[in-house]
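Some notes on the structure that comes next.
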Amino acid sequence: MSLQSILDLLERLLHLHMELMELAKKKTEVVKAGDVDTLSSILAAERKQIRKIEKAEKERQHEMAAWFAANQCQDQDHTVTTILSLVKSGEEKEKLVELTTLLTKSMTELKQQEQLNYMLIQQSLQFVQFSLNVMNPSIQSMNYGTTENQTRSVKQSLFDSKV
């Protein structure tokens, strides 16, 4: 197994993560606009993109296991860091470091964007809940006073008998 197949899969994963990042940015704008129909289509596209990423990740894990088997390194962890310590050639090693760094950066940005989306959606849900509470008040708030005031007013008569 050559290191080039792992590099190709890392490039593919990076590309897929960038596409997912674009969808996350679109989702942010759609949530801000409040367009539920477009949000549904973006969520469906995100699910498809995540399935592609999962498939590519499984292929990467398979290629990594094959590379370790071909290089008689079965007892070591199958990680990119381990490959970096074992690879001697400069060009492939540099490319591997570059792709790993870009992929990590992309995942971090994606996580931040999704946290922003989560907060925006939570804020929207809080606003909807507040609006529903304002439009549909509780039974207690429909009464204009407490029951104590109502009983006191019943006890009073029109004429003051003490006078």
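If you're wondering where the values come from, they're calculated on a predicted model, not measured in any experiment. Index from 1, following the sequence.
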Original post:
Should the pair Arg60-Glu57 be classified as a salt bridge under the 4.0 Å nitrogen-to-oxygen rule?
Top reply: yes
Original post:
Mind checking what makes ring pair (Phe, Tyr, Trp, His ring centres under 6.0 Å) contact with His17, not counting sequence neighbours?
Top reply: none
Original post:
More than 12 non-hydrogen atoms from neighbouring residues, nucleotides or ligands closer than 6.0 Å to CD on Glu91, yes or no?
Top reply: no
**OP:** Identify whether Trp67 and Leu96 are in the same connected component of the hydrophobic contact network (ILVMFWY, side-chain heavy atoms under 4.5 Å).
**Re:** yes
Original post:
Going by heavy atoms in the side chains, are Thr82 and Thr79 under 4.5 Å from each other?
Top reply: yes
Subject >> Glu59: partners by salt bridge (Lys or Arg N to Asp or Glu O under 4.0 Å), with sequence neighbours left out >> reply: Arg12
Subject >> Glu11 versus His15, side-chain donor and acceptor atoms under 3.5 Å >> reply: no
**OP:** Give the intermediate values and the outcome of side chain to side chain contact (heavy atoms under 4.5 Å, CB included) for residues Leu86 and Asn71.
**Re:** CA-CA 9 Å; Leu86 296 172; Asn71 290 302; over 6 Å; no
Original post:
Leu13, Ile6: one ILVMFWY side-chain cluster at the under-4.5 Å cut-off?
Top reply: yes
Original post:
Is there side-chain contact between Val97 and Thr101, with heavy atoms separated by less than 4.5 Å?
Top reply: yes
Original post:
Hey, are the side chains of Ile50 and Glu54 touching, using non-hydrogen atoms and a 4.5 Å cut-off?
Top reply: yes
Subject >> Working for side chain to side chain contact (heavy atoms under 4.5 Å, CB included), residues Lys95 and Leu3 >> reply: CA-CA 10 Å; Lys95 183 75 172 173; Leu3 192 58; over 6 Å; no
Less than 3.5 Å apart, which donor and acceptor atoms pair up between the side chains of residues 106-116 and the rest of the protein, not counting sequence neighbours?
| unit_1 | atom_1 | unit_2 | atom_2 | d |
| --- | --- | --- | --- | --- |
| Thr108 | OG1 | Thr104 | O | 2.9 |
| Gln113 | NE2 | Thr28 | OG1 | 2.6 |
| Glu114 | OE1 | Lys27 | NZ | 3.0 |

